[in-house]
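Accompanying notes for the structure given below.
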Amino acid sequence: MSFTNRVLICFQWLLLVNFLTANTATRRVCNIDEDVCEEVKVDPNAPPTLGQKLLQKQTEFYHLNKPSYSEESAAQSIKIYNPNDVAYDYYWFDSHQKKGIYKGKLRPKRMTATNSYIGHVFYFTRVGTQEEVHRITVIKHENSYILPPTEEAKQSEFYTQLIERRTFYDDYFKRKGVPWLSSYARPPPILFMYNKEKTDPIGTIYSISSEHGFWHCIPDASADVDDQMEQCQDEGTITVDIESISNEPRLFAIEGLISKTEAKLIKQIARPKLHRSGTGQASDANYADDTRTSQTAWIGFREHVIIDTIYKRTADILQIDEHILKRNAEHMQTVFYKTGEEYKAHHDFADNGRDLASRYITILFYLTDQEDEYAGGETWLPKARDGKGIKVHPGKGNAVMFYNLLEDGNGDDLTLHEAVRVKKGEKWLANFWIWDPYKTHKA
């Protein structure tokens with residue numbers, strides 16, 4: 001047999017192998033209503049799923065082919081405790097501008113949490129003055145900082161508990177290799193979690209049905225609710241697919257979660273309520289922080305029958321009882337970004353220093369499309385994909401969801417995310433934050 005014929009036979013064999021592989025590819029599909037998962041054959045001619053398109057863009061468009069940061073340059077979540085009986089104003093020192101940037105108040109026997117970087121400096125002054133009394137510098141693998149206590153403070157129960165926490169934090173880091181970021185010794189979440197054991201591969205689809213159909217028009221608000229639903233809401237059960245696009249962190253894409261009409265109504269209600277977005281804890285929120293430059297409005301489920309439907313549908317999707325979701329979720333936050341606006345890297349989980357409650361689930365509803373692929377406005381998780389990151393904008397009517405907590409109750413550091421600066425046009429987004437085991441924050 002000639003060399004040419006041998007090459008031809010090898011080539012034909014490769015084509016056959018590729019054909020057989022393509023035609024025997026499967027995807028794990030889980031019917032949540034029936035609690036059944038199976039491997040389903042994939043039609044090689046079928047269009048890609050939303051998740052597949054998003055993941056394909058990571059390498060082909062964003063070129064995220066290698067880790068985007070080192071441990072020394074990565075953001076880390078820190079907590080700062082005030083054991084004393086006086087309040088302080090605290091500042092981050094901007095080494096470029098050579099001045100302090102006001103971050104908020106640190107009240108007596110309280111704590112604050114933020115994201116920072118190795119080498120960053122925070123200093124503390126007496127309230128209303130520029131008299132610096134304390135200063136800390138962020139160091140690698142140190143996530144807990146206690147301001148110097150007075151002799152009186154050292155005798156307090158609060159300070160004794162801080163020392164106990166330090167021991168717990170150190171032990172957890174030795175065992176797990178990651179810092180404990182949640183409230184001290186909080187238990188595992190009690191609400192439902194998709195892929196809790198991380199046994200389902202990326203690409204798994206969870207299929208969920210809901211009786212809360214889509215709205216195709218905005219009804220006459222003067223009519224009773226039944227008439228509004230008959231006039232403008234689609235009848236019958238809908239099916240929504242949740243697709244896993246990352247296991248670390250647990251991140252999911254959801255196609256077709258809200259209709260164009262529903263997106264229009266959210267913006268319509270939100271627009272007259274918009275105000276500068278804040279950062280930090282609610283009681284001392286900072287509304288002039290350059291890390292977040294968007295505008296925000298809050299919408300409760302009682303404000304419109306369509307908004308109530310979105311709450312109910314979301315409860316079905318998350319496998320959480322409707323009444324628990326309405327009790328544990330903050331009001332729907334609607335955020336508007338103009339060209340040039342952004343929200344820099346942050347976590348959504350919380351430790352208010354007083355109880356065990358935390359934001360557990362973040363679900364982001366995208367209300368607008370990008371003007372083009374270069375318009376910005378994506379949600380960017382830089383620590384996902386082994387540090388290569390995931391950058392997503394699923395498009396109008398679609399959603400992205402992630403769990404802020406790990407299965408043991410710790411905050412998932414890999415959920416660090418930012419709203420990328422909008423380079424062209426504008427961006428509208430709405431989200432729910434669902435707390436576990438209960439909600440303490442009021443929106």
Side-chain angles (χ1 to χ4, degrees), residues 66-82 90-96 100-101 103-104 106 110-124 134-147 162 165-186 246 248-251 279-281 286 289-292 342-353 358-359 362 379-391 402-406 408-420:
K66 59 183 180 180
S68 60
Y69 68 93
S70 65
E71 282 196 4
E72 283 67 28
S73 65
Q76 63 184 58
S77 180
I78 66 169
K79 301 173 185 179
I80 306 172
Y81 297 90
N82 176 13
Y90 82 101
Y91 299 79
W92 165 62
F93 182 74
D94 186 334
S95 59
H96 297 291
I101 306 299
K103 302 298 290 183
L106 183 51
R110 293 287 182 88
M111 58 81 66
T112 188
T114 187
N115 276 290
S116 191
Y117 297 83
I118 296 171
H120 275 199
V121 172
F122 294 87
Y123 66 90
F124 302 79
H134 302 298
R135 174 175 290 234
I136 65 169
T137 300
V138 178
I139 60 177
K140 185 176 180 179
H141 295 322
E142 183 61 60
N143 297 82
S144 177
Y145 298 84
I146 303 174
L147 298 186
L162 289 184
R165 292 184 184 194
R166 270 275 178 85
T167 302
F168 171 82
Y169 298 151
D170 291 345
D171 178 65
Y172 187 88
F173 186 84
K174 289 176 183 177
R175 288 186 292 110
K176 300 283 190 175
V178 295
W180 179 267
L181 303 175
S182 283
S183 301
Y184 170 59
R186 73 148 281 152
S246 168
E248 294 184 339
R250 293 178 179 85
L251 176 67
T279 60
Q281 299 184 25
N286 183 357
D289 191 334
D290 287 341
T291 64
R292 191 181 192 193
E342 64 186 333
Y343 189 3
K344 293 179 181 177
H346 61 283
H347 290 106
D348 286 346
F349 56 77
D351 176 6
N352 59 26
S358 175
R359 287 172 176 163
T362 296
T379 301
W380 162 231
L381 292 87
K383 294 187 177 184
R385 292 176 63 241
D386 297 321
K388 293 187 287 290
I390 290 181
K391 192 177 288 188
F402 53 87
Y403 290 98
N404 296 295
L405 301 183
L406 297 168
D408 66 358
N410 191 13
D412 189 348
D413 185 47
L414 301 183
T415 61
L416 181 78
H417 61 285
E418 68 176 75
V420 175

Item to check | Those residues that, when tested against Asp412, pass salt bridge (charged side-chain N to carboxylate O under 4.0 Å, His left out) (two or more places apart) | outcome: none

Item to check | side chain to side chain contact (heavy atoms under 4.5 Å, CB included) partner of Ser144, the single match among Arg166, Met111, Arg165 | outcome: Arg166

Item to check | Contacts of Glu342 that satisfy salt bridge (charged side-chain N to carboxylate O under 4.0 Å, His left out) - sequence neighbours left out | outcome: Arg421

Next on the checklist: Just so I know, are the side chains of Asp408 and Lys176 near enough to count as touching, which here means a heavy-atom distance under 4.5 Å?
Outcome noted: yes

Checklist entry - Is the backbone N or O of Ala74 less than 3.5 Å from a side-chain atom of Lys383, with the two atoms forming a donor-acceptor pair by type? => result no

Next on the checklist: Test of understanding: with salt bridge (charged side-chain N to carboxylate O under 4.0 Å, His left out), list the residues that count as partners of Lys66, not counting sequence neighbours.
Outcome noted: none

Next on the checklist: Is the shortest side-chain heavy-atom distance between Tyr145 and Ser116 below 4.5 Å?
Outcome noted: no

Checklist entry - Parallel under 30°, tilted from 30 to 60°, perpendicular over 60°: which one fits the rings of Tyr91 and Tyr123? => result parallel

Item to check | Straight-line distance of Arg250 CZ to Thr415 OG1, nearest 0.5 Å | outcome: 11.5 Å

Checklist entry - Quick one: does Leu414's side chain get under 4.5 Å of Leu381's, heavy atoms only? => result no

Next on the checklist: Is any side-chain heavy atom of Leu406 closer than 4.5 Å to one of Val178?
Outcome noted: no

Next on the checklist: I need the Phe124 CZ to Lys103 NZ distance, nearest 0.5 Å.
Outcome noted: 11.5 Å

Item to check | Residues in side-chain hydrogen bond (donor to acceptor under 3.5 Å, both in side chains) contact with Asn404, at least two apart in sequence or another chain | outcome: Thr362

Checklist entry - Any idea how Trp180 and Tyr172 line up, ring-wise: parallel (<30°), tilted (30 to 60°), or perpendicular (>60°)? => result perpendicular

Checklist entry - Rounded to the nearest 0.5 Å, what separation is found between the CZ atom of Phe122 and the OG1 atom of Thr112? => result 9.0 Å

Item to check | Partners meeting salt bridge (charged side-chain N to carboxylate O under 4.0 Å, His left out) with Asp171 (sequence neighbours left out) | outcome: Arg175

Next on the checklist: Any heavy-atom pair between the side chains of Lys344 and Asn115 that's under 4.5 Å?
Outcome noted: no

Next on the checklist: Tell me every residue that passes side-chain hydrogen bond (donor to acceptor under 3.5 Å, both in side chains) with Asn143, counting only those two or more places apart in sequence or in another chain.
Outcome noted: none

Next on the checklist: So Asp413 and Pro179, do their side chains get closer than 4.5 Å, heavy atoms only?
Outcome noted: no

